[in-house]
Trainee: 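What follows is a structure written as structure tokens; I'll ask about it next.
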Amino acid sequence: MQEKYPFHEIERKWQAWWEQEQTFRCDTHDTTREKFYCLTMFPYPSGSMHVGHGRNYIMGDVLTRYKLMRGFNVLSPMGWDAFGLPAENAAKTRGVHPKTHTIGNIAHMKEQIRSWGVGYDWSREIATCHPEYYRWTQWIFLKLHEMGLAYRKAAPVNWCPLCTTLANEEVTAEGTCDRCGRPVEKRNLEQWFFKITAYAQRLLDDLETIPKWPEKVRQMQANWIGRSEGARVDFALSETGDPCPVFTTRPDTIYGVTFMAVAPEHPLLQKLLPGSPNEQEVRAFIDHQLKIPAAERAAENALKEGVFSGFHVTNPYNNEKVPLWVTNYVVMEYGTGMVMAVPAHDQRDFDFARHYQLPVKVVIQNAEGSLVAESMEDAYVEDGTMTASAPFDGRPNREALTEIVAYGKERGFADFTVNFRIRDWLVSRQRYWGCPIPIVHCDACGAVPVPEDQLPVLLPDDVEFQSEQGNPLARHEGFVNTTCPKCGKPARRETDTLAQWLCSCWYFLRYVNPRDTTQPFDTGDIAHWLPVDQYIGGVEHAVLHLLYSRFIVKVLHDAGCCPFSEPFEALFTQGMICKKAEDGKLYKMSKSKGNVVSPDQLIADYGADTLRLYTLFIGPPEMDAEWQDAGIQGPYRFLGRLWRRVWESRDMLRDTPVQPDLHAMARPERDLYRKLHQTIRNVTDAIESGFRFNTAIAQIMELMNALDALKAEALETPQARAVFRQTLSDMVRMLAPFTPHVAEELWVELGNPAGVMKAGWPAVIEAALEADTIEVVLQINGKVRGRIELPADASREDMERAALADPQVIRHLEDRQVRKVIVVPGRLVNIAAG
RNA sequence: GCCAGAGUGGCGGAAUGGCAUACGCAGCGGACUUAAAAUCCGCGGAUGGCAGCACCAUCGUGGGGGUUCGAGUCCCCCCUCUGGCACCA
């Protein structure tokens, strides 16, 4: 052993040892031990990582190592979400083939992960761009196709000039591209969709079955799914009889409808307009609206505008004819794209009605009966009594609501219905570097699925990237031209590729049998290993990867090849690591802000264990944290101190044959021994009860302080030495998940055989926690006025008597009357005095 | 607007209704050293009484109320910040 903490040497040494020993190799068929599937979201291989990325992997590694020490059979795999646009852009700008680019990035990132000391079962490594993997992604596509859940349709879709088509989930609330930040436009294109809407209710309901997910993520998904209960009411166009169904959550206001509002995109308008009296004016309005970018149109205070269409609709409840207005405040994507407007009881309709001087009709009266349409300044949206509503007058509106729908249902023009906000998932992309969609287009047979035994549809390597526009795959004659699997005639391959989200929404199944060439996963094996016991990743995937994965697993469940219907039992979403940029403000680490901290230099200067310790110590793991360069000193000093303690006492540690014996201990070592077991209890609890790694580490640091408080002269006795040694030894074991290299090294230095994780997690000795005396806090009116030492078994009466006899207490009680004495056994005495 | 989460020393942060500021950073004082670094020991919320110390008092967890013997913690109202949803009918 050397005096100075040689982190370089020991980190290399133990990383090699773990590989050699196959410490993280998982035998998935070993059922003698309880299984634990610990999964950290696999990354897109972007090239290099900063310390913020490391937070993920380190936390997963802590849990993996801890569970291994507790005797679990742990599956901890890693892989690469390897398809994606940056690789394709590199091909365009730098002439590097996406495959070469990706392979190079993977190699570098793997090395970074290794240098962090993060352990995985690399024999299970997968990359989604590997044909043996994407073959099965294609298989899943075909499964959905077979089940009628994959379909192609022409629709206005989100279009990013760089990233091509986008799913709704990839567009931010500001109407920009989630990946590159460019404004998103609408384009009419024929695209592939997955019917996620068919699973909306189950995706919502089953959120109840995953309580170990963060509440925040479950709410984000519930918001996104956006379930809304209400009614469908069939209005009809007065002039032509065309059906005009609307969705409303307020059927109780049906008699207050004074106009109908329709979205500019509504297809009915295109049918009605030609030759109609207001055609010019209406067309001008529609054309103008369609040119306004989505983001702007949705802007908060956008003025409500509209134009009378020249047509009317008839309200089936009272046969009243009301005008049909084309407006900018009704969105085509939600409901039916048409809204029954009730200005008296809806603020938006009210604003619009006042602006265009349309009638306002009160149908729900407040308790005072004071609502008068002419004088209202805002819509009345509270509950009240029905009025001017023919058969329902006088009824409380909430009760009438169901009666009104039932009334319409009997007569066939209304029904109860549920509306969802979520839209079908657009999965096709006009790019090369993705999983080819296994479909062939035949003039005679249409879109024909490629037979399963012909998978994978291989992505050709020899493509031309330099051209400016379009998908390089579509220009590859050899790929495009094929024959129809059905009729054998010449046909064209689908040239769109799948969104990478589809590649990543089943990878956790593949890890169990990663090299199986006969099936995507083994139903029996995944039944044992899944759901994932602990999933770790970023909250930014809340309505993307995490929602898609839940959907695909439910589909596979319905297909009969997946026995469970939720993939992730527990989810942990870690906070981002931020750093102050040039402008002095805090941002998440990014190249553009110039505030990234690379792990490589820190590992060179301080070692991986120090970096790990600081990353974990920085704050509560679920919260964002600020990286402070100077902060790394603390963990570095701590590990140096630990090393030095073992170095200084190495002779003594070897010459202490005695085991700790509670009955033989003197006060100083007895106190340390108690502190040791309190620490074991608290650290165990901090890990088990929710990733509280920062406080776990603080506890171990406190133990170190207590160890140092034991002065040299106190170490003369064999018992003191035995406790000292035991404390160091257990401290090293507790540190093994956090700082594995130094723990391994010191474990050997303490005279143990190599492999600290095999030594197991230290156990709490209950008897060691007990104390002879307790410190009792004395309060007067809730203020601390002193503290006394009492025997641990002091009764309430003993405590009260001792408190009232305390000189400090007597002094403070001068001129005061004791009104009440509260005694909390073992803790404190509070005297209420006046 | 609706729904979450957060607000505690100079800083990152800790606290099952029971000692506010654990642990760490930065800072200050001391030891060691020719010196520095490293290390070791110690101090450390604010204000006031005092020349200063010891000591003592008052205030103190975004603001204002409340419940309680006792509130950072529970309840009500409000402010600020972060995230999600949003002309969603």
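We name chains A, B, ... by the order of the sequence lines, and we start the count at 1 in each one.
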Trainee: Can you tell me, in whole Å, how much space there is between the P of B/A35 and that of B/A31?
Mentor: 11 Å
Trainee: Quick one: label A/Glu775 by what it contacts on the DNA or RNA (base, sugar-phosphate, nothing), any heavy atom closer than 4.0 Å.
Mentor: base
Trainee: Which base, if any, makes a Watson-Crick or G-U wobble pair with B/A22, both distances under 3.5 Å?
Mentor: none
Trainee: Looking across every strand, which nucleic acid part, if any, lies under 4.0 Å from A/Arg681 by heavy atom: base, sugar-phosphate, or nothing?
Mentor: nothing
Trainee: Can you find an N or O donor on one side and an acceptor on the other, under 3.5 Å apart, linking the side chain of A/Lys304 with the base of B/C87?
Mentor: yes
Trainee: Under 4.0 Å, counting only non-hydrogen atoms across every strand here, what does A/Asn419 touch: a base, just sugar-phosphate, or nothing?
Mentor: nothing
Trainee: Write down the partner of B/C74 under the Watson-Crick or G-U wobble criteria, each distance required to be under 3.5 Å.
Mentor: B/G66
Trainee: In whole Å, measure the gap between the P atoms of B/G62 and B/G9 for me.
Mentor: 8 Å
Trainee: What is the base-pairing partner of B/U82, counting Watson-Crick and G-U wobble geometry with both distances under 3.5 Å?
Mentor: B/A4
Trainee: Could you check whether A/Trp627 gets within reach of a base, just the sugar-phosphate, or nothing at all, counting any heavy atom under 4.0 Å?
Mentor: nothing
Trainee: Which is true for A/Asp349 with a 4.0 Å heavy-atom rule: it touches a base, it touches only sugar-phosphate, or it touches nothing?
Mentor: nothing
Trainee: Taking 4.0 angstrom as the limit, do A/Asp806 and A/Arg785 come out as a salt bridge?
Mentor: no
Trainee: Could you tell me whether A/His812 contacts a base, only the sugar-phosphate backbone, or nothing, with contacts defined as non-hydrogen atoms closer than 4.0 Å?
Mentor: sugar-phosphate
Trainee: Report the residue (A/Arg819 or A/Arg811) whose heavy-atom-nearest nucleotide on RNA chain B is the more 5′ of the two.
Mentor: A/Arg811
Trainee: Whether the A/Thr679 and A/Asn682 side chains hold a donor-acceptor pair (N or O, under 3.5 Å, no angle test) is what I'd like checked.
Mentor: no
Trainee: Report which part of the nucleic acid A/Arg227 touches: base, sugar-phosphate, or nothing (heavy-atom distance under 4.0 Å, all strands).
Mentor: nothing
Trainee: For A/Ile618, report the nucleic acid contact type (base, sugar-phosphate, nothing); a contact means any heavy atom under 4.0 Å.
Mentor: sugar-phosphate
Trainee: Could you check which nucleotide pairs with B/G42 in any of the strands shown, counting Watson-Crick or G-U wobble with both distances under 3.5 Å?
Mentor: B/C28
Trainee: Scan A/Val784 against the nucleic acid and name what it touches under 4.0 Å (heavy atoms): base, sugar-phosphate only, or nothing.
Mentor: sugar-phosphate
Trainee: Going by atom types only, do A/Glu169 and A/Tyr548 share a side-chain donor-acceptor pair under 3.5 Å?
Mentor: yes
Trainee: With a 3.5 angstrom cut-off on both distances, give the Watson-Crick or G-U wobble partner of B/A15, or none if there isn't one.
Mentor: none
Trainee: Does one side chain, of A/Asn158 or A/Lys186, offer a donor that lies under 3.5 Å from an acceptor on the other?
Mentor: yes
Trainee: Using purine N1 to pyrimidine N3 plus N6-O4 or O6-N4 for Watson-Crick, or N1-O2 and O6-N3 for G-U wobble, each under 3.5 Å, what pairs with B/A36?
Mentor: none
Trainee: Would you kindly check whether a donor in the side chain of A/Asn223 faces an acceptor in the base of B/C85, or vice versa, at under 3.5 angstrom?
Mentor: no
Trainee: With P as the reference atom in both, quote the distance from B/A14 to B/U21 in angstrom, rounded to an integer.
Mentor: 15 Å
Trainee: Between A/Tyr614 and A/Tyr636, is the ring centre distance below 6.0 Å?
Mentor: no
Trainee: What's the gap between B/C85 and B/G72 when it is taken at their C1' atoms, as a whole Å value?
Mentor: 31 Å
Trainee: Ignoring hydrogens and geometry beyond distance, is a side-chain donor-acceptor pair present between A/Tyr329 and A/Asp349 at under 3.5 Å?
Mentor: yes
Trainee: Before accepting this row, confirm whether a basic side-chain N of the pair A/Asp629/A/Lys579 lies closer than 4.0 Å to the acidic partner's carboxylate O.
Mentor: yes
Trainee: Report the residue (A/Thr248 or A/Asn694) whose heavy-atom-nearest nucleotide on RNA chain B is the more 5′ of the two.
Mentor: A/Asn694
Trainee: With sugar-phosphate meaning primed atoms plus P, OP1 and OP2, does A/Gln779 contact a base, only sugar-phosphate, or nothing at under 4.0 Å between heavy atoms?
Mentor: base
Trainee: If the C1' atom of B/G18 is compared with that of B/G13, how far apart are they to the nearest Å?
Mentor: 22 Å
Trainee: Return the pairing partner of B/G9 with a 3.5 Å limit on both distances, Watson-Crick or G-U wobble; otherwise return none.
Mentor: none
Trainee: Under 4.0 angstrom, heavy atoms only, what part of the nucleic acid is A/Asp346 near: base, sugar-phosphate, or nothing?
Mentor: nothing
Trainee: Given the C1' atoms of B/A46 and B/G42, what is the spacing between them in whole Å?
Mentor: 22 Å
